[in-house]
Amino acid sequence: MDAAIAGLIGSLGGVIAGAAAQTAQAARSRKWQIADQDRTAAEQQETRLWQERRIAYAAFMDAEMDATQKINWAWLINAAGPSPEERSNNPVSQEAAEAMRLASEAIPKVTRLAQEVLLITSSDAVKQAVVSYNAAMRSFNPSAAHRGNPNGSEQGEALLGQLTQAHALFVDAARAELGIKYTRPSGPSRGRRRVLNDDQR
């Protein structure tokens with residue numbers, strides 16, 4: 001009788017130990033599954049954020065390039081024409097007015113898309129580039145773009161330089177945040193200089 005009881009107790013102990021091991025293994029498996037799910041969710045979130053940033057950055061870049069071209073053209077054509085007081089309904093004045101209208105319409109679009117970029121980016125460089133472009137864009141003064149302004153050419157060139165520089169800063173910062181590798185091609189003049197230097201040795 002004692003032997004039978006001992007055997008039964010031993011069997012029950014083995015069953016209990018096996019169940020405990022299975023429970024522990026199931027708990028570990030569940031923990032690993034949760035960790036895998038969390039990691040997958042984090043990766044998916046990061047992928048979605050990358051795609052949203054790429055779309056927002058591309059939209060802003062297209063808008064600011066369009067605005068730069070229209071602002072530059074509006075400045076050029078108005079700087080070549082008469083002052084606002086002297087303008088009439090001749091074709092040149094009409095074209096100048098149309099160029100100014102297109103430039104004025106492009107500016108709010110850039111401002112709106114800039115806010116979207118500032119909301120989604122985590123890069124200080126991207127933020128600074130956007131702020132720099134907006135500051136340069138807001139400095140556009142249509143009333144100063146006319147032939148009677150003695151400093152018109154210098155002001156127009158300076159504005160274009162600021163807009164172009166801010167665009168280049170944004171492109172570099174956006175590529176860096178998105179992890180897009182890019183190597184600027186060397187210009188032909190640089191290559192020619194190197195050939196000349198090699199020949200001189």
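As a basis for the values below, the full set of heavy atoms in this structure was taken, side chains included, without hydrogen atoms, waters or symmetry mates. These figures come from a predicted structure and were not determined experimentally.
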Colleague: How many angstroms lie between atom CD1 of I180 and atom CG of D172, to the nearest 0.5 angstrom?
Modeller: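 Those atoms lie 11.5 Å apart.
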
Colleague: Please name the pair of heavy atoms, one in W50 and one in L178, separated by the smallest distance, quoted to 0.1 Å.
Modeller: NE1-O, 2.8 Å

Colleague: Output, in order, the C-alpha distance, side-chain angles, deciding distance and verdict of side-chain contact (heavy atoms from CB on, under 4.5 Å) for F140 and L163.
Modeller: CA-CA 10 Å; F140 173 52; L163 294 172; over 6 Å; no

Colleague: Should L49 and V130 be regarded as members of a common hydrophobic cluster, given that ILVMFWY residues are connected when their side-chain heavy atoms come within less than 4.5 Å of each other, either directly or indirectly?
Modeller: yes

Colleague: Mind running side-chain contact (heavy atoms from CB on, under 4.5 Å) on E157 and W75 for me, showing each step along the way?
Modeller: CA-CA 10 Å; E157 291 176 2; W75 187 280; over 6 Å; no

Colleague: Per the salt bridge (Lys or Arg N to Asp or Glu O under 4.0 Å) rule, what does the pair list look like for residues 110-121, sequence neighbours excluded?
Modeller: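 Salt bridge (Lys or Arg N to Asp or Glu O under 4.0 Å) check on residues 110-121 returns R112-E116.
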
Colleague: Check step by step if side-chain contact (heavy atoms from CB on, under 4.5 Å) holds for I107 and I71.
Modeller: CA-CA 9 Å; I107 291 175; I71 289 173; 4.3 Å; yes

Colleague: Taking I120 as the starting point, is it possible to reach V126 by hopping between hydrophobic residues whose side chains are less than 4.5 Å apart?
Modeller: yes

Colleague: Quick one: closest heavy-atom pair of A59 and L113, and the distance?
Modeller: O-CD1, 3.4 Å

Colleague: Can you label the angle between the Y133 ring and the F60 ring as parallel, tilted or perpendicular, going by 30° and 60°?
Modeller: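 Plane angle over 60°, so perpendicular.
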
Colleague: Where do A74 and A103 come nearest, in terms of heavy atoms and distance?
Modeller: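 So the two residues come closest at CB-CB, 4.0 Å.
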
Colleague: State, to 0.1 Å, how close S132 and A166 come at their nearest heavy-atom pair, and which atoms those are.
Modeller: C-CB, 4.1 Å

Colleague: What residues form a salt bridge (charged side-chain N to carboxylate O under 4.0 Å, His left out) with R54, not counting sequence neighbours?
Modeller: none

Colleague: Within the distance-only criterion (no hydrogens, no angle test), does the side chain of T164 pair as donor or acceptor with the backbone N or O of G161 below 3.5 angstrom?
Modeller: no

Colleague: Between V171 and M61, what is the shortest heavy-atom contact and its length?
Modeller: CG2-SD, 3.6 Å

Colleague: Go through the steps for T111 and R138 under the test side chain to side chain donor-acceptor pair (under 3.5 Å), then give the verdict.
Modeller: CA-CA 10 Å; T111 302; R138 285 194 299 269; 5.8 Å; no

Colleague: Can you give me the closest heavy-atom contact between L159 and A136, atom names plus distance?
Modeller: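 It is CD1-O, 3.2 Å.
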
Colleague: Could you grab the distance from atom NE2 of H167 to atom CD of Q165, nearest 0.5 Å is fine?
Modeller: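 So the gap between those two atoms works out to 12.0 Å.
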
Colleague: Just so I know, are the side chains of E177 and T121 near enough to count as touching, which here means a heavy-atom distance under 4.5 Å?
Modeller: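 Yes - at least one pair of side-chain heavy atoms lies under 4.5 Å apart.
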
Colleague: Any chance you could lay out the side-chain contact (heavy atoms from CB on, under 4.5 Å) test for M137 and Q162, step after step, and finish with the verdict?
Modeller: CA-CA 9 Å; M137 184 179 63; Q162 293 171 4; over 6 Å; no

Colleague: With hydrophobic residues grouped by side-chain heavy-atom distances under 4.5 Å, do I55 and V117 end up in a single group?
Modeller: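 No, no single cluster joins them.
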
Colleague: What's the separation between atom CD in E64 and atom CD in Q69, rounded to the nearest 0.5 Å?
Modeller: 10.0 Å

Colleague: Mind checking what makes salt bridge (charged side-chain N to carboxylate O under 4.0 Å, His left out) contact with E52, not counting sequence neighbours?
Modeller: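 So E52 forms no salt bridge (charged side-chain N to carboxylate O under 4.0 Å, His left out) with any residue.
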
